[in-house]
Each structure stands twice: as C-alpha cells, then as structure tokens.
S.K.: 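Mind having a look at this structure? Questions to follow.
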Amino acid sequence: MSPFKRLVTLTVIATFAALPAAAKSKKDKFCEELAYASQQMADLRIDGSSEEEARLMVAAQYDDDQVTHLQMMPYLSAFVYGLTKEQLSADVETAFSEQCKGYTG
C-alpha cells in the first residue's frame, strides 16, 4: 500500500472513530445544561416557589430556538418536585447529570 493510500485510510478511520466521541460530548453538554437548570429549580423549590413558578423562571432563560431545552421543563420540574426533602438537600445537579448521561434509551 502506498504511503498516500495509507494516510487516507488512517484519516478515514480516525474520522469515524471520533464521531462517537463528538456525539457523546454533545449529549454530555445537553445533560450538564439541564443539570444546572435542575439545581436552579431545586433552589427555587427550597425558597418556596411552586412547581409552575419554578418552571417558568428557569424556562425564561432559554431562547425560543432552544426548543429541546424548553420541552424538557415539565420533565425537569417533575424530577425536582418529586424529590424528598433529603434528596433535595443533596447535590441535585450532579444527581441529574449522572442519570442523564447514563440514559441509553
């Protein structure tokens, strides 16, 4: 195999090997953003905000072009407002991030 063909082959293999890493980092970023929002919502709950108030306040930080984030608000608030007092006093952001990143469905 010529050096040029070898280089092209290695480049193609490296490109395809990098694709799953790029996809994972996009998912990780999405999970981290929602985890941050979950902690904001948890703080609002601790401060006495209703679930609807917290959902609206956290959703207000997203632009209309972030539809996926906005669509997640009901699920995020259900997660946070479903926590017990003990779970709420823990690190909600890390717990949510780990669950989100571990989701394979």
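Note that this is a predicted model, so its numbers are computed, not measured.
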S.K.: What's the verdict on side-chain contact (heavy atoms from CB on, under 4.5 Å) for Leu76 and Phe96, showing C-alpha distance, side-chain angles and the deciding distance?
M.R.: CA-CA 9 Å; Leu76 195 58; Phe96 184 89; 3.5 Å; yes
S.K.: With rounding to the nearest 0.5 Å, note down the distance linking CZ in Arg55 to OG in Ser50.
M.R.: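 Between atom CZ of Arg55 and atom OG of Ser50 there are 9.0 Å.
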S.K.: Atom CE in Met57, atom CD in Glu52: separation rounded to 0.5 Å?
M.R.: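 Spacing of CE (Met57) from CD (Glu52) equals 10.5 Å.
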S.K.: By side chain to side chain donor-acceptor pair (under 3.5 Å), which residues pair with Ser38, not counting sequence neighbours?
M.R.: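 Here no residue qualifies.
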S.K.: If you measure from CG on Asp28 to OG on Ser97, what distance do you get to the nearest 0.5 Å?
M.R.: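 Asp28 CG to Ser97 OG: 7.5 Å, rounded to 0.5 Å.
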S.K.: Quick one: which of Met41, Gln39, Gln40 gives a side chain to side chain contact (heavy atoms under 4.5 Å, CB included) with Asp43?
M.R.: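 The single option meeting the side chain to side chain contact (heavy atoms under 4.5 Å, CB included) with Asp43 is Gln39.
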S.K.: Return yes if some donor-acceptor pair links the side-chain N/O of Tyr62 with the main-chain N/O of Thr68 below 3.5 Å, else return no.
M.R.: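 Flag not set: sc Tyr62 to bb Thr68 has no pair under 3.5 Å.
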S.K.: Let me check something: do Ile46 and Leu56 share a hydrophobic cluster, defined by ILVMFWY side-chain heavy atoms less than 4.5 Å apart, either directly or through other members?
M.R.: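 They do not share one cluster, since no chain of ILVMFWY contacts under 4.5 Å joins Ile46 to Leu56.
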S.K.: Does any non-hydrogen side-chain atom of Leu44 lie less than 4.5 Å from one of Glu53?
M.R.: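 Sidechains of Leu44 and Glu53: no contact.
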S.K.: With rounding to the nearest 0.5 Å, note down the distance linking OH in Tyr36 to CD in Gln61.
M.R.: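 Those atoms lie 6.5 Å apart.
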S.K.: If you group Ile, Leu, Val, Met, Phe, Trp and Tyr by side-chain heavy-atom gaps below 4.5 Å, do Tyr103 and Tyr75 land in one group?
M.R.: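 In one cluster with Tyr103: Tyr75, no.
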S.K.: Quick check: closest heavy atoms across Ala54 and Tyr81, and the distance to 0.1 Å?
M.R.: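 Smallest heavy-atom distance, with atoms named: CB-OH, 3.4 Å.
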S.K.: Rounded at 0.5 Å granularity, tell me how far CE in Met72 sits from CD in Glu33.
M.R.: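 With rounding to 0.5 Å, CE (Met72) is 12.0 Å from CD (Glu33).
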S.K.: Calculate, to the nearest 0.5 Å, the distance between atoms CG and CD belonging to Asp91 and Glu98 respectively.
M.R.: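 If we round to the nearest 0.5 Å, Asp91:CG and Glu98:CD are 8.5 Å apart.
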S.K.: Hey, are Glu32 and Lys29 close enough for a salt bridge, meaning a charged N less than 4.0 Å from a carboxylate O?
M.R.: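 So Glu32 does not pair with Lys29 through a salt bridge.
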S.K.: Arg45 side chain to Leu88 main-chain N or O, any donor-acceptor pair under 3.5 Å?
M.R.: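 No: the side chain of Arg45 does not pair with the backbone of Leu88.
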S.K.: For Lys101, does its backbone N or O pair with a side-chain atom of Lys27 as donor and acceptor, under 3.5 Å?
M.R.: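 Side chain of Lys27 to backbone of Lys101: a pair is present.
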S.K.: Please confirm whether the backbone N or O of Met73 pairs with a side-chain atom of Ser77, one donor and one acceptor, at under 3.5 Å?
M.R.: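 Yes, Ser77 side chain to Met73 backbone: donor-acceptor pair under 3.5 Å.
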